[in-house]
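Chain naming here is simple, since letters A, B, ... match the order of the sequence lines and numbering starts at 1 in each.
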2 protein chains.
Amino acid sequence: MDRSRRSRPPATLASLAAELGVSRTTVSNAYNRPDQLSPQLRSRVMEAARRLGYPGPDPVARSLRTRKAGAIGLLLGEHVSYAFRDPAAVAFLEGLTLECDQAKVGLLLVPADTDSDDATSVAAAAVDGFVAYSMSDDDPYLATALARPVPAVVCDQPFTAGVDVVGVDDHAAAREVADHLTGLSHRRIGVVCMRLGRDRNDGPADLTRQEAARHHVQRHRLAGIREGFVAAGVSWDRVPVVERFDHTMEAGASAAAEVLAADPGVTAVVATSDVLALGVIAELTRRRQRVPEDVSVTGFDGIRAAVDAGVTTVVQPFLDKGRHAGKLLLDPARRSQGRRMVLPTTFLPGPTTAPPRY
Amino acid sequence: MDRSRRSRPPATLASLAAELGVSRTTVSNAYNRPDQLSPQLRSRVMEAARRLGYPGPDPVARSLRTRKAGAIGLLLGEHVSYAFRDPAAVAFLEGLTLECDQAKVGLLLVPADTDSDDATSVAAAAVDGFVAYSMSDDDPYLATALARPVPAVVCDQPFTAGVDVVGVDDHAAAREVADHLTGLSHRRIGVVCMRLGRDRNDGPADLTRQEAARHHVQRHRLAGIREGFVAAGVSWDRVPVVERFDHTMEAGASAAAEVLAADPGVTAVVATSDVLALGVIAELTRRRQRVPEDVSVTGFDGIRAAVDAGVTTVVQPFLDKGRHAGKLLLDPARRSQGRRMVLPTTFLPGPTTAPPRY
DNA sequence: TTGTAGGCGTTATCAG
DNA sequence: CTGATAACGCCTACAA
């Protein structure tokens, strides 16, 4: 059985109809409305289809006609492959695909290029809607998606008119982390955070940059942390805040080194994600600094590896985020766009935090 | 900025052209071949587009015309969400998307339903090719995909004419595991395997079923294990082989219980996957049986959790599988279909295997 | 139960 | 540099 690479032009609905001496409607019905024609005629059609190697109605042409793609698109502020390296994204995807499966809708992972603003892949995506996951406010891919005449729901993003939003209260959750630390009497800390904008800035982030961060989530987490420490009398401009573009343990480790260089006397390092926190701990361990005896460390997200490692963190319901995003987008009664859904988080203290030594 | 929900029919290339008093070609060129028209005319077009809320060329219509979808489809023999629960699949996906990103091609996760043969979602997928990952030989989704006039590459699947294949030598690798165990003097064993067909059969799998397994990978692993033990003089029909439809640790645990019930004297349990092996170990531990002192356990795949737990296993290059699948499918010079690519595996002995006690 | 015919929105081709 | 024309393959009132 060779993949019917005949020289003859590929069969179409029309050619099949011609061959059989029936109308296109009949052939179309044979596929889409089997009950609209006699079983015998139908099987004659199907038989001829097999004989001519007609693979059934062209999905694209059908899509053009019906105005439905049968798929939704997912936008990540990153290369798609990154999503499979990040436990949080994987959990989100699981939740989202749970809904897609149920609705029998495909999920298109839209290719992206971190250092290009060419969003043609978004404009070219044949989808009935978009889910944007954790993107920068000013991401051109996001803008392109929102400009398309299809519904969208964004996660971990600020409110945008006419778009559904799902997220958590990052500010409040981060504040809890800060309060936990100040309650433990920490007053001299360092912060390690994820990228604050689309530009690569591996190094210190001053207050201006912190507040102008285009990454909604990071901005709020930083604000929550600051609020907590300032409330405890800490002067924020003496707190080293180190930013990393890549979200990896290695990045967390090198950022920790940078924090320590800026202030060797910190008693705690606050990381705005678990992955970074794990890197911080690795670096501390490498330097023979004990956690939490010498330095306390906190994370954020509640990914499996961090929880297993006992990191003090904030647990986020990633899977539910995905599910809700899917539900909102796939909801057949899609009126009332602009819905806002804030999911609960859980502060989870662990053995990586303790009172400072002195 | 409300999402331009004007009552007026949505703008199209044609309406825009009419509005401007130019031809459709010109508008089309403004988007696709900016160099083909004067900068001023182009900006006039773009300005009018913005004014009328024209979102740019419709991707579906463009696709119909150009005969390119800009995406490839991924078929899993499972609900899509399952892929995000299985570390092996996640790694495969990372590899595949690495290639997709590079080629700027989207990846469509085609929805599937384990207990329905309705493959319309495959027929309806607007893609330029398919990757089938670890499916049953007789999966209707696979058949439907292969019937479509687009290239395909299958992973962990037997040869099919005209289709590229990437996989590993499951038989040889499994034989290595068996030889390791027989070398340790194990002669009384039990086997826990994944689903052998699309029908749910949670229970013993006799030789007929083992050999008729429609899941290529499982069939070969079982054959390799059998070959090794038979070569050591073990009579295979006395070896309990327990099958599980779900691929979870819980399934592995319950299968272990079933193996133990069938033959309480086994000195080793061979699992055809790490996930199952981890479940086996959990069950053994629950029963206060020590691994490997009382019972040895082996897995297959080399997923992170198993390697960390010291499971004796076979490490497969999942990420590379994905990459190669992507490369083969996306290869611009797509001649010579029917390529076969066998990736290397590494046998990794760990502390879950030791000689039997007596 | 079957057929007719218009149009979905775009791009390739070729002429001016 | 711009425009007219002809598909691309299909769906779906509507008519018979």
Quiz item: Which residue lies toward the 5' end of DNA chain D, B:Asp35 or A:Leu13, if each is placed at its nearest nucleotide?
Solution: B:Asp35
Practice problem: Give B:Leu37 one of three labels, base, sugar-phosphate or nothing, depending on what nucleic acid heavy atoms sit under 4.0 Å from its own. | Solution: sugar-phosphate
Quiz item: When all nucleic acid strands are considered with a 4.0 Å heavy-atom cut-off, which category describes B:Val60: base, sugar-phosphate, or nothing?
Solution: nothing
Exercise. Determine: side-chain N/O of A:Arg33 to OP1/OP2 of D:dC11, distance under 4.0 Å, yes or no.
Key: no
Quiz item: Under 4.0 Å between a side-chain N/O of B:Ser28 and OP1 or OP2 of C:dT11, yes or no?
Solution: yes
Exercise. Check whether any side-chain nitrogen or oxygen of A:Arg62 sits under 4.0 Å from OP1 or OP2 of D:dC10, and answer yes or no.
Key: no
Quiz item: Can you name the side-chain contact (heavy atoms from CB on, under 4.5 Å) partners of B:Glu78, sequence neighbours left out?
Solution: B:Tyr82, B:Thr114, B:Arg195
Quiz item: Looking only at side-chain N and O atoms, does A:Tyr31 come under 4.0 Å of OP1 or OP2 in D:dT12?
Solution: no
Quiz item: Can you check whether B:Ser38 has a side-chain N or O nearer than 4.0 Å to OP1 or OP2 of D:dT2?
Solution: yes
Exercise. Can you label the angle between the A:Phe84 ring and the B:Phe84 ring as parallel, tilted or perpendicular, going by 30° and 60°?
Key: parallel
Quiz item: With sugar-phosphate meaning primed atoms plus P, OP1 and OP2, does B:Arg67 contact a base, only sugar-phosphate, or nothing at under 4.0 Å between heavy atoms?
Solution: sugar-phosphate
Self-check item: B:Phe130 side chain reached by B:Val150 side chain, heavy atoms, under 4.5 Å
Solution: yes
Quiz item: How many Å lie between CG on A:Asn29 and P on D:dG9, as a whole number?
Solution: 20 Å
Quiz prompt | Between C:dC14 (P) and B:Gln36 (CD): distance, integer Å | solution = 15 Å
Quiz item: Checking only heavy atoms, does the side chain of B:Arg65 share a donor-acceptor pair with the base of D:dC8 at less than 3.5 Å?
Solution: no
Quiz prompt | Length of the CZ-P vector between A:Arg24 and D:dC14, whole Å | solution = 18 Å
Quiz item: Hey, which of these two, A:Gly21 or B:Gly56, hits DNA chain C nearer its 5' end, going by closest nucleotide?
Solution: A:Gly21
Exercise. Ignoring backbone atoms, establish whether A:Ser23 has a side-chain N or O less than 4.0 Å from OP1 or OP2 of C:dG3.
Key: yes
Quiz item: For B:Lys68 and D:dC8, what is the distance between atoms NZ and P respectively, to the nearest whole Å?
Solution: 18 Å
Quiz item: Does A:Asp117 come within less than 4.0 Å of A:Arg198, counting only side-chain N to carboxylate O?
Solution: yes
Quiz item: Quick one: is D:dC10 close enough that its OP1 or OP2 comes under 4.0 Å of any side-chain N or O from A:Thr25?
Solution: no
Quiz prompt | Options C:dT10, D:dG3, C:dG9, nucleotide nearest the side-chain atoms of B:Val22 | solution = D:dG3
Exercise. Could you tell me whether the phosphate oxygens of D:dC11, OP1 or OP2, come under 4.0 Å of any side-chain nitrogen or oxygen in A:Asn32?
Key: yes
Quiz item: Is a salt bridge present between B:Lys321 and B:Asp156, judged by a nitrogen-to-oxygen distance below 4.0 Å?
Solution: yes
Quiz item: Given atom CG of A:Asp58 and atom P of D:dC11, what is their separation to the nearest angstrom?
Solution: 9 Å
